[in-house]
Amino acid sequence: MKIFLLCALGAALALPLCAQAETVGAVDTAFKLIGRNHQVVVEVFDDPKVKGVSCYVSRARTGGIKGTLGLAEDTADAAVACRQVGEITLLEPLDKQEEVFSERASILFKKVRIVRMADARRNTLVYLVYSDKLIDGSPQNNVTAVPLPASVPLKLR
């Protein structure tokens with residue numbers, strides 16, 4: 001039992017540090033007679049390594065029977081808007097590029113991902129949202145940027 005717990009703890013620590021999103025709201029885009037309607041969902045998460053920055057993500061969520069059961073594949077449509085919501089503090093030096101959010105968009109192999117990129121020359125954080133799939137990802141994407149105040153220099157690893 002101890003070995004199992006140690007292995008589970010090791011696996012949890014090996015996972016990348018990704019933020020958890022909370023739902024802000026949703027709107028229905030298509031009525032489905034059985035199961036939930038198709039929706040656009042808006043979620044928010046705080047950047048785990050940059051205090052004072054929150055990102056709002058809107059994405060399509062498939063309804064119907066398959067969507068209600070979690071078996072449908074959501075479309076690759078997503079947008080992100082990251083904003084300063086408080087005093088910005090870097091909790092640690094940042095990687096030049098790092099995934100900060102990931103959420104599944106189908107039962108297997110498809111995810112919506114948000115990557116933070118550091119633009120040190122302009123002292124700015126750039127956030128890119130895209131959808132990937134094991135075999136065939138989508139080129140659809142959206143980008144937003146948060147300039148850091150001059151008093152907060154961008155520190156990279």
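Quantities reported herein were computed from a predicted structural model and do not represent experimental measurements.
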For the residue pair [X] and [Y], establish whether any side-chain heavy-atom pair is separated by less than 4.5 Å.
| X | Y | result |
| --- | --- | --- |
| Ser54 | Asp46 | yes |
| Leu94 | Leu125 | yes |
| Phe101 | Val129 | no |
| Met117 | Val143 | no |
| Arg113 | Tyr130 | yes |
| Val100 | Pro48 | yes |
| Arg83 | Thr144 | yes |

Separation between [atom1] of [X] and [atom2] of [Y], rounded to the nearest 0.5 Å:
| X | Y | atom1 | atom2 | value |
| --- | --- | --- | --- | --- |
| Asp95 | Arg116 | CG | CZ | 8.0 Å |
| Glu87 | Lys51 | CD | NZ | 7.5 Å |
| Cys55 | Tyr127 | SG | OH | 5.0 Å |
| Asp77 | Asn141 | CG | CG | 11.5 Å |
| Arg61 | Gln39 | CZ | CD | 6.5 Å |

Between [X] and [Y], is there a donor-acceptor pair closer than 3.5 Å when you use the side chain of the first and the backbone of the second?
| X | Y | value |
| --- | --- | --- |
| Asn123 | Leu154 | yes |
| Lys49 | Leu91 | no |
| Asn142 | Val80 | yes |

>> Closer than 4.0 angstrom, basic N to acidic O: yes or no for Lys111 and Glu99?
In response: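 No salt bridge links Lys111 with Glu99.
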> Quick one: which of Asp47, Thr124, Val85, Ile88 gives a side-chain contact (heavy atoms from CB on, under 4.5 Å) with Val146?
Replying inline: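 Of Asp47, Thr124, Val85, Ile88, side-chain contact (heavy atoms from CB on, under 4.5 Å) with Val146 is met by Ile88 alone.
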Could you tell me which non-hydrogen atom of [X] sits nearest to which non-hydrogen atom of [Y], and how far apart they are?
| X | Y | answer |
| --- | --- | --- |
| Ala145 | Pro147 | O-CD, 3.9 Å |
| Ala21 | Glu103 | CB-OE1, 4.4 Å |
| Phe45 | Gln20 | CB-O, 3.6 Å |

>> Hydrophobic clustering (ILVMFWY, side-chain heavy atoms < 4.5 Å, transitive) - are Val115 and Leu156 grouped together?
In response: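 Unlinked, Leu156 and Val115 end up in two clusters.
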> Is there a path from Val44 to Val57 through hydrophobic residues (I, L, V, M, F, W, Y) whose side chains come within less than 4.5 Å of each other?
Replying inline: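 No, it is not one cluster - the side chains of Val44 and Val57 are not joined through contacts under 4.5 Å.
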>> Tell me whether Arg157 at atom CZ has more than 12 heavy atoms from other residues, nucleotides or ligands lying less than 6.0 Å away.
In response: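 Enclosed.
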